[in-house]
Amino acid sequence: MKSDKEYISKGQTSEEAEQKLKRFGPNELSTHKRSFLKDILSVISEPMLILLILCGSVYGLLGNLDETAMLSVAVIAVISITIYQKNKSEKALASLKELSPLRARVIRDGKIDVIPSREVVPEDIIILQEGDRIPADGSLLFSLNLNVDESLLTGESDGIPKEADENVPSSSKNRKNKVFAGSTVLSGEGVVQVTATGDHTEIGKIGTEFRQIAQSESPLQAETKRFTIVFSLFAGILCIFLILGFGYRTGRWLEAVLAGLTFSMAVLPEEIPVVLSVFFSLGAWRISKIGVLTKELSAIETLGAATVLCVDKTGTLTENKMKVRGLYCDGEYLECDSKLTEIPESFHRLLEFALLASKKDPYDPMEKAIQELGIEFLSGTEHIHFDWELKKEYPLSSKLMALSYAWLSDESVETLSVGAKGAPEAIFDLCHLSQERSSELGDVVEKYSSKGFRILGVAKSSVSKQKLPEDQHDLNFEFLGFVLLEDPIRESVPNSVSECKRAGIKIVMITGDHAGTAKSIANQIGFDRSDGVLSGDELESLNDSELASRLGDVRIFCRILPHQKLRLVRCFQNKGEIVAMTGDGVNDTLALQAAHIGISMGKRGTDVAREASDLVLLDDNFSSIVKAILLGRRIYENIRKSVSYIFSVHIPIIGMSILPVFTGDPIYFFPAHVLLLELIIDPACTLVFEGVEADRRILDAPPRKRKENLISFRGVSLSLFRGGLILAVLVLFTFWGKHEHWTYEKIRALGFIGLVSSNLGMILIHLSEEIPFYKIPFRNNSVAYWIISLTILLFAIIFQFESLRKLFGFEVIPFSEALGAIGVGLAASFVWEFKKMISQKETIGT
């Protein structure tokens with residue numbers, strides 16, 4: 001490279017570089033390490049973990065070591081999972097390092113040396129070539145046709161031309177003569193003086209800000225935490241009341257303590273963390289079946305509540321792969337789509353010289369697309385010239401956005417063939433077109449640019465080997481036509497956007513591309529034509545309140561910088577929206593972390609984007625987001641059903657536990673009763689409801705409101721009525737038995753049969769809010785019927801053996817009376833099915 005000797009004298013010595021390495025540190029991003037003990041203590045301080053530990057202690061005091069062991073394992077598992085999730089930020093920062101190349105070419109001790117990129121220091125001179133990943137931020141000292149891909153930082157899909165300019169001071173904000181760590185050299189070569197390394201680079205600044213972003217707490221996490229605390233306080237007060245009341249009334253204080261502990265076991269909502277753990281774990285398994293990896297389990301239900309989906313265009317809505325979509329020549333337009341079988345002869349020369357205006361082994365995406373089309377349709381013709389020799393390259397410059405290549409077909413030939421391509425206006429200038437002709441072709445450019453195409457003009461020239469000029473502008477070019485390129489949208493995106501609209505979710509495009517390209521993509525995927533557009537410069541001029549007022553009608557944000565993406569996410573959140581953000585590059589990292597749900601691309605995404613996200617689309621299929629939304633809504637709905645069931649079945653347990661305080665009767669429940677109830681409640685509230693199919697129209701319904709509680713006032717009231725009705729039946733049944741002079745063992749036996757029967761009935765009525773349980777296909781609730789069958793078997797065993805009857809405080813019950821108790825229990829729960837049957841008849845009648 002001609003710049004080698006010119007800049008070798010400017011290189012540092014090894015001693016200078018070593019001193020700077022000690023001063024500035026290695027060229028890598030720093031990480032922050034936390035104390036492992038502090039992590040454990042912070043997790044254990046969570047109310048949900050405290051409840052689990054207390055429940056385990058209660059079981060231990062009662063001698064139920066199996067239950068103690070089970071809860072201990074649960075505590076350890078929750079701590080491990082939580083610590084793993086807390087390490088996510090550190091992993092994201094660590095993966096930022098992977099964006100840096102492993103090696104760099106620097107000038108040290110008067111010669112070119114290849115060193116590990118972490119050893120690059122400020123003021124090093126770095127040599128860049130096509131395909132290189134830039135190791136540090138720097139200013140250009142020399143450039144030759146240098147084109148850089150900065151999409152990871154800016155989101156802009158087009159390559160950015162870079163040019164050394166000695167007149168620009170080093171402190172200038174001009175980015176044309178600067179390169180940045182993590183960018184890729186698409187074409188050309190350059191010499192760079194390093195200005196920043198490690199945390200001081202643009203990537204490093206993103207990492208620093210990334211550490212400062214607190215992760216949003218899932219709405220369901222916050223709600224279940226509040227619900228658990230309130231429920232536990234209520235249970236604690238009732239427990240104290242039960243011990244004091246029963247002990248004071250009967251004087252049997254040991255029995256009162258036993259009653260209090262048994263009540264605590266029955267009432268403390270330890271099922272809730274289990275429900276969340278099981279639902280999210282199985283939900284993650286289900287969602288993986290549609291190609292989505294769940295990194296943050298709670299994000300599944302939050303996705304179901306998302307009201308805004310911020311979509312990064314490049315690589316998310318589009319394939320991130322340039323394709324030639326059309327050729328324009330002599331007033332004719334040829335559409336290059338899947339139906340194209342051959343290229344007419346009139347377009348051969350245009351494509352031939354578009355190939356001659358490209359490198360033989362291109363790295364630039366546009367040149368790759370042109371070569372792909374040329375090989376497919378011109379192979380075997382006289383228009384392919386891969387055997388020609390390149391004699392001179394005229395590079396792209398800021399003054400003339402066009403490049404040319406002069407080729408020699410044979411050493412015996414005296415004439416060189418020259419192909420040129422570039423910005424249409426630059427090609428017009430090279431061809432010395434008249435103003436009238438330039439205006440005419442300019443209208444063509446405007447027509448196709450508005451459709452989102454990237455347009456390159458193509459020209460040809462020929463010149464004698466001896467008269468090859470130094471400036472391409474001195475060549476006599478002939479205008480040939482235009483090559484139209486596009487980064488095509490993914491086929492499944494329009495249908496997915498339509499489904500999101502039906503689900504009441506706002507789709508917002510945030511891109512670094514131009515407004516014309518963004519609007520064209522938006523129209524193709526199904527955005528409304530009335531949707532507003534806002535550029536990064538316009539956004540920068542607005543304060544937060546002004547921006548918030550624009551968010552109602554603007555759906556397309558173009559020319560957006562990384563910090564502006566973060567600001568948009570924050571503004572949507574401040575308006576009360578639940579924000580999901582998709583992305584794949586470093587420029588998306590901050591927004592992915594700040595959003596309620598960050599969704600990264602698995603194939604095309606960078607490591608840092610994947611680590612910062614909550615969900616990863618393994619197949620980069622945008623339609624998987626819609627399926628995830630459906631699953632998220634289904635999971636939330638089933639959690640609500642489960643918690644409603646838990647609340648309902650605990651009402652009669654609480655009431656019957658307190659009843660002896662007022663009547664002075666022996667305690668109603670023993671630990672054995674509670675354990676048997678837990679054998680029913682635990683699998684019911686997890687396995688049964690987790691597998692319930694979603695009620696109809698769930699996808700077409702709008703997202704639930706942000707302030708909607710897991711159990712609303714209506715839900716709490718309904719649960720109180722359902723559980724209260726069962727409690728009232730059991731209390732009346734108890735007093736009727738005392739009136740009939742039954743023994744308390746018989747009252748307890750029949751009452752417990754009725755309670756368990758009503759519990760089983762409650763499982764069935766909670767399966768759906770719309771459809772009666774007997775109309776639900778067996779495959780959708782087979783676990784419920786297995787639980788019912790096993791419960792009947794357990795009761796048969798209990799009443800068969802005297803030792804078990806004594807353990808439960810039962811006496812032998814005639815079969816007819818047992819059937820009566822079962823009938824009473826089921827009737828108390830099935831009364832709520834009448835409303836469903838009436839609604840079904842009204843729907844059919846309508």
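The basis for the numbers below is simple: all heavy atoms, side chains too, and nothing from hydrogens, waters or symmetry mates.
- With hydrogens and angles disregarded, a donor-acceptor distance shorter than 3.5 Å links the side chain of Lys641 to the backbone of Leu767.
- Pairing each heavy atom of Ile597 with each of Asp614, the nearest pair is CA-OD2, 3.3 Å.
- At least one side-chain heavy atom of Trp742 sits less than 4.5 Å from a side-chain heavy atom of Leu750.
- The structure places CG of Leu794 at 11.5 Å from CD1 of Ile787, a figure rounded to the nearest 0.5 Å.
- Checked by atom type and distance alone, the side chain of His596 never pairs as donor or acceptor with a backbone atom of Ala580 at under 3.5 Å.
- Between the CD1 atom in Ile287 and the OG1 atom in Thr294 there is a gap of 4.5 Å [rounded to 0.5 Å].
- Among all heavy-atom pairs drawn from Ile505 and Pro703, the shortest one is CG1-CG, 4.2 Å.
- A distance of 5.5 Å separates CD1 in Ile599 from CG in Leu309, rounded to the nearest 0.5 Å.
- Smallest separation of non-hydrogen atoms from Lys746 and Ile813: CG-CD1, 3.7 Å.
- Atom CD of Glu740 is surrounded by more than 12 heavy atoms from other residues, nucleotides or ligands within 6.0 Å.
- Within the 3.5 Å criterion, the main-chain N or O of Met762 finds no donor-acceptor partner in the side chain of Arg722.
- At least one donor-acceptor pair closer than 3.5 Å links the side chain of Ser624 to the backbone N or O of Ile290.
- In this structure the side chain of Val729 reaches within 4.5 angstrom of the side chain of Val824, judged on heavy atoms.
- The two residues Ile629 and Cys500 make their nearest non-hydrogen contact at CD1-SG, 4.3 Å.
- Residues Ser719 and Ser644 bring a donor and an acceptor atom of their side chains to less than 3.5 Å of each other.
- Between Phe810 and Phe799, the ring planes lie parallel to each other; the angle is under 30°, not in the 30° to 60° tilted range.
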Query raised in the report: Are Thr302 and Tyr636 close enough, and set up right, to give a side chain to side chain contact (heavy atoms under 4.5 Å, CB included), and what steps lead you there?
Result: CA-CA 8 Å; Thr302 312; Tyr636 183 88; over 6 Å; no
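- With contacts defined as side-chain heavy-atom distances shorter than 4.5 Å, the pair Ile788/Leu764 qualifies.
- Classified by interplanar angle (parallel below 30°, tilted 30° to 60°, perpendicular above 60°), the ring pair His766/Tyr645 is perpendicular.
- Listed for the Thr734 side chain is a donor-acceptor partner under 3.5 Å among the backbone atoms of Leu730.
- To the nearest 0.5 Å, the span separating CZ on Phe752 from CE on Met656 amounts to 11.5 Å.
- Of the possible polar contacts, none joining the Ser613 side chain to the Val616 backbone as a donor-acceptor pair under 3.5 Å is found.
- In this structure the side chain of Phe647 reaches within 4.5 angstrom of the side chain of Leu720, judged on heavy atoms.
- Closest of all the heavy-atom pairs between Val831 and Leu725 is CG1-CD2, 3.5 Å.
- The environment of CD in Glu802 is sparse: at most 12 heavy-atom neighbours from other residues, nucleotides or ligands sit within 6.0 Å.
- Side chains of Ser758 and Leu755 form a contact here, defined as non-hydrogen atoms less than 4.5 Å apart.
- At distances below 3.5 Å, at least one donor-acceptor pair connects side-chain atoms of Thr307 with backbone N or O atoms of Ile578.
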Evaluate side chain to side chain contact (heavy atoms under 4.5 Å, CB included) for Ile646 paired with Ser642, printing each intermediate quantity in order. CA-CA 6 Å; Ile646 292 170; Ser642 179; 4.1 Å; yes
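- Here CD of Gln800 is found 8.0 Å from CZ of Arg805. Values are rounded to the nearest 0.5 Å.
- Summarising the geometry, atom CG belonging to Asn759 is positioned 11.0 Å from atom CG belonging to Leu826; distances are rounded to the nearest 0.5 Å.
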